[in-house]
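Note sheet for the following structure.
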Amino acid sequence: MTRTSKSPARRAALWAVPIASIAVLATVWITMSETGSHPGSASMSQQQDSAKDMLGYEPEVRAVPKTEGEVNGISSRVLDWMGVHGKVTEPSAAAHACQKVDPDFETYYVVNHPWSVYELKKGTFSKGMDNLRKLLPEKGWKITKDGPMDTKAGSPEIIAVQPDSHHTLTLQWLNSGKPGRTELISVDVDSRCYRAPKGTDLNRA
Amino acid sequence: MRYETLAALKPADLDKVIDGYRAASSMGSHAKDKLNDGVAPKMRESLDGDAVKAATGQVGKLSENFHYTQVRCGLVRANVQLLKEALEEAKRMLKKALQSADTEGFEVNPDGSVSYPPAGEKGDGGKVPEGGTVTGTVARSSGKAIDPGRDASNNADALKRQAQAFSGNPNATKAQAIADDIAAAVKTATTADETYAPVLRGLKADDDLNVSDADWADTKRDTTASRKAADKVGADLPAMPEDGNPKDSKAWWDGLSRDDKDSYIALHPSAVGAMDGLPAEVRDEANRMKLAEAHGTTQTELAGIKAKEPEKFTRVGAIWTTSGEWREWNEKYGDRVKALEGRRKGMDAVQARFDKTGKKGLPQAYLLGFDSKGEGDGKVILANGNPDEAKHTVVHVPGTSTNLKGIGGTLDSMDGLWAASHKAEPNASVSTITWFDYDAPDDIPQYVPNTGNTGQWAEDGAPTLQKFMEGTEVSQGGADASHTTVSGHSYGSTVVGQATKEHGGLPTDDIIVEGSPGMQVKHARDLGIGADHVWSVAAPSVDDVAVREGGRMMGLGEDGKIPNDPPFGANRLDPGDHASALSGHGSYWDESGGEPSKGLNSMANVVVGHYDNVDVLPRIMENQ
């Protein structure tokens with residue numbers, strides 16, 4: 001296309017392509033080097049400021065076991081409120097990377113507790129969801145969604161938040177009437193991002 | 001070694017030693033596993049705070065001692081085993097020679113010489129040629145001294161033989177051949193003895209209870225020495241398959257005796273640990289040995305350099321300033337220190353994952369590949385849960401700027417995906433694997449157009465990934481043994497796309513890509529598994545857009561198509577609200593509070609094959 005171009009205006013337009021490319025590259029470069037940098041290279045207050053910019057809140061400095069304990073506590077209360085008895089998956093709450101701020105998992109963390117209850121010995125899944133629908137608001141949770149999931153199966157889903165502690169609770173009644181699968185209520189209890197106290201090795205916390 | 005010694009030697013006596021070391025080695029292995037998987041988690045359950053830290057710290061030390069015992073005893077066993085085999089070979093040679101002597105009616109003397117009786121046609125004096133005694137010699141040209149009788153290499157031997165032949169006694173030549181065979185047997189035994197004596201002496205461990213970094217570094221050297229010894233005595237280990245085809249590798253491994261398997265793990269941990277098609281448990285054992293040794297060597301080198309570090313600051317008048325000596329030291333070693341510290345950080349993250357087994361319900365981890373250098377940035381392949389027994393397997397390829405130092409973040413994401421998948425289908429075992437065995441581009445600027453091939457990292461990495469997937473399938477017992485998903489983040493998805501073009505395609509049921517800058521194909525159907533099994537998730541954040549559009553511009557997507565473009569034809573996952581903030585290119589495994597955790601649960605449901613539980617965006621503009 002350059003061969004036939006003679007007018008100065010078109011020639012100038014051609015320059016725009018590489019210039020725009022360089023501009024995009026520069027942006028990419030800068031964003032990549034920013035996301036690749038480690039929080040350890042800046043002071044704590046600088047890190048906290050930039051975390052606040054990214055998250056919209058300043059992460060509280062808190063020891064991992066305390067945050068995990070709090071989430072485990074919520075999980076066990078949720079199970080009680082469901083009023084069912086059955087098998088529960090083993091993993092407990094665990095700290096993971098606060099990807100947005102610190103993907104290398106060095107200073108900032110969230111606590112997630114994904115678990116499910118299945119093979120009920122007492123109660124039904126339907127009753128369990130109903131119990132939560134009723135009890136969550138009584139216990140200070142705000143239900144933000146109660147309806148079918150945006151999936152082909154369209155399974156029932158309840159999402160609730162705790163306005164003070166900012167925990168999120170996601171409940172999904174999955175695999176009902178699906179042979180070969182385990183029918184269950186899937187539960188996610190998730191915390192906001194926290195900052196680990198100085199000297200914490202998050203991989204071992 | 002002398003003839004008499006060899007004649008009296010019973011290599012089978014070494015069996016007791018071999019069994020003893022094998023037992024000690026497996027005892028070490030069992031004790032280590034028991035401490036890691038049983039004792040430590042129980043302590044974490046019942047103790048709190050500093051007490052648990054102190055207690056599990058001690059358990060960790062003890063477990064390392066047992067690992068060291070396992071590795072050292074395994075190495076001693078392999079060496080004694082190969083020494084025994086070499087001595088048995090010498091005994092076989094000797095037995096054959098003695099049988100020949102017996103048949104001929106010759107006598108073998110205590111010094112190994114052979115006496116033969118008078119024989120042959122009567123000469124001028126009417127006498128039968130006299131008998132005599134000959135001493136064997138070993139050809140010097142052949143290091144292994146096999147078959148020297150027929151391989152006379154020096155003139156003196158030849159002259160001697162001629163002289164005997166002229167004596168007219170036909171026994172003379174025969175006796176010489178037998179004597180040479182005896183000498184060769186003695187030589188073989190002597191070489192084995194001389195080769196293994198220093199190796200086994202070197203394997204004598206320190207008598208202190210503390211397994212130090214230097215001990216592991218020594219182990220690495222001892223392994224190399226042991227391997228050299230095996231080469232020198234011509235150890236009879238069945239040769240490794242050459243082309244590395246996973247099917248052949250598995251067949252080869254399955255055909256080895258237990259002794260040979262043990263010897264391979266002890267002497268060739270790198271080859272065994274990297275061999276696609278071998279059982280996960282075998283690769284894990286070999287790679288953990290490599291990890292401990294690499295950690296030892298890294299620490300030792302680092303300590304050596306740090307010991308030379310001069311005082312950093314010096315006072316000039318009233319001002320403190322960096323000292324000239326320190327600057328010189330830093331000039332010389334600064335980069336090396338950084339590299340070593342980065343390496344150590346990555347190894348610590350891998351070790352930390354092992355230490356977490358059983359803690360918070362995490363399954364056992366398997367190190368399927370490890371190298372502190374790898375293709376440049378290191379190599380880590382780590383599975384959560386045994387892939388050989390998994391009903392659902394996901395292999396995740398991390399992206400741009402992945403290196404050993406920062407591997408902890410990716411390992412953590414795969415812990416999260418494991419927990420989410422286990423939650424989604426608790427009655428089926430799941431294995432989530434981090435696969436980092438390619439040289440990832442260090443940052444986007446490396447894709448600058450017209451400065452080289454932007455797909456080069458993918459082209460280099462693709463065959464390795466394809467082979468690993470084939471190996472996983474072979475080791476699992478075939479394509480139907482496990483439902484498999486390959487996942488690629490950022491540039492990792494480009495590697496995945498390229499790998500589908502490898503011969504035979506990529507053996508997987510589903511493909512998920514996160515923040516993909518292009519997969520080197522223009523449509524999902526070109527990936528060879530059916531477009532409905534291709535899943536893409538992309539965050540609307542600035543960083544994510546920059547990476548994806550950067551990739552499009554650099555031509556990582558054929559025809560300028562990248563997976564999250566609707567016309568690409570992939571199922572597009574809803575990333576969830578929290579992935580849409582202004583920054584971040586990795587929020588896919590995140591479950592930050594305040595927003596529903598959509599992306600991770602959708603990925604988990606792909607992994608366990610519950611497609612109708614995946615939150616997919618509506619299909620739009622597909623025909624553009």
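Just so you know, these numbers use all the heavy atoms, side chains as well, and skip hydrogens, waters and symmetry mates. Every chain is numbered from 1, with letters handed out A, B, ... down the list of sequences.
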> What distance separates D415(B) CG from F105(A) CZ, expressed to the nearest 0.5 Å?
Replying inline: 8.5 Å
> Side chain, backbone, both or neither: which part of A63(A) has a non-hydrogen atom closer than 4.5 Å to chain B?
Replying inline: neither
>> Pair N175(A), H610(B) - check side-chain contact (heavy atoms from CB on, under 4.5 Å), show working.
In response: CA-CA 8 Å; N175(A) 304 334; H610(B) 297 177; 3.4 Å; yes
>> Run H422(B) and E90(A) through side-chain contact (heavy atoms from CB on, under 4.5 Å) and show every step you take.
In response: CA-CA 9 Å; H422(B) 177 63; E90(A) 320 79 43; 3.3 Å; yes
>> At under 4.5 Å between heavy atoms, what parts of residues 136-153 of chain A are in contact with chain B? List them by residue number.
In response: M149(A), D150(A), T151(A), K152(A), A153(A)
>> Around atom NZ of K121(A), are there more than 12 heavy atoms from other residues, nucleotides or ligands closer than 6.0 Å?
In response: yes
> Does the salt bridge (charged side-chain N to carboxylate O under 4.0 Å, His left out) test come out yes or no for K598(B) and E157(A), once each step is laid out?
Replying inline: CA-CA 12 Å; K598(B) 271 189 188 168; E157(A) 180 178 49; over 6 Å; no
>> What's the separation between atom OG in S155(A) and atom CG in D612(B), rounded to the nearest 0.5 Å?
In response: 7.0 Å
>> Which one wins on heavy-atom pair count under 4.5 Å against chain A: D412(B), N605(B), L362(B), D615(B)?
In response: D412(B)
> Between G409(B), G361(B), P426(B), which residue shows the highest count of heavy-atom pairs closer than 4.5 Å to chain A?
Replying inline: P426(B)
> Closest approach of S116(A) and K423(B), non-hydrogen atoms and distance?
Replying inline: OG-O, 2.9 Å
>> On a heavy-atom basis, which atom in K356(B) and which in N203(A) lie closest, and how many Å separate them?
In response: CE-O, 3.5 Å
> Taking 4.0 angstrom as the limit, do D348(B) and R204(A) come out as a salt bridge?
Replying inline: no
> For N427(B), is it the side chain, the backbone, both or neither that has a heavy atom under 4.5 Å from a heavy atom of chain A?
Replying inline: both
> What closest approach, in Å, do L184(A) and A424(B) show between heavy atoms, and which atom pair accounts for it?
Replying inline: CD2-O, 3.5 Å
> Which residue out of D201(A), V187(A), T89(A), L169(A) racks up the most heavy-atom pairs below 4.5 Å with chain B?
Replying inline: T89(A)
> Is there a side-chain contact between W418(B) and P91(A) (heavy atoms, below 4.5 Å)?
Replying inline: yes
>> Between E68(A) and K360(B), does the salt bridge (charged side-chain N to carboxylate O under 4.0 Å, His left out) criterion hold? Intermediate values first, please.
In response: CA-CA 10 Å; E68(A) 288 178 345; K360(B) 300 175 194 171; 2.6 Å; yes
> Which pair of non-hydrogen atoms, one from E425(B) and one from R181(A), has the smallest distance, and what is that distance?
Replying inline: OE2-CA, 3.5 Å
> Considering only heavy atoms, which portion of A428(B) lies under 4.5 Å from any heavy atom of chain A: side chain, backbone, both, or neither?
Replying inline: neither
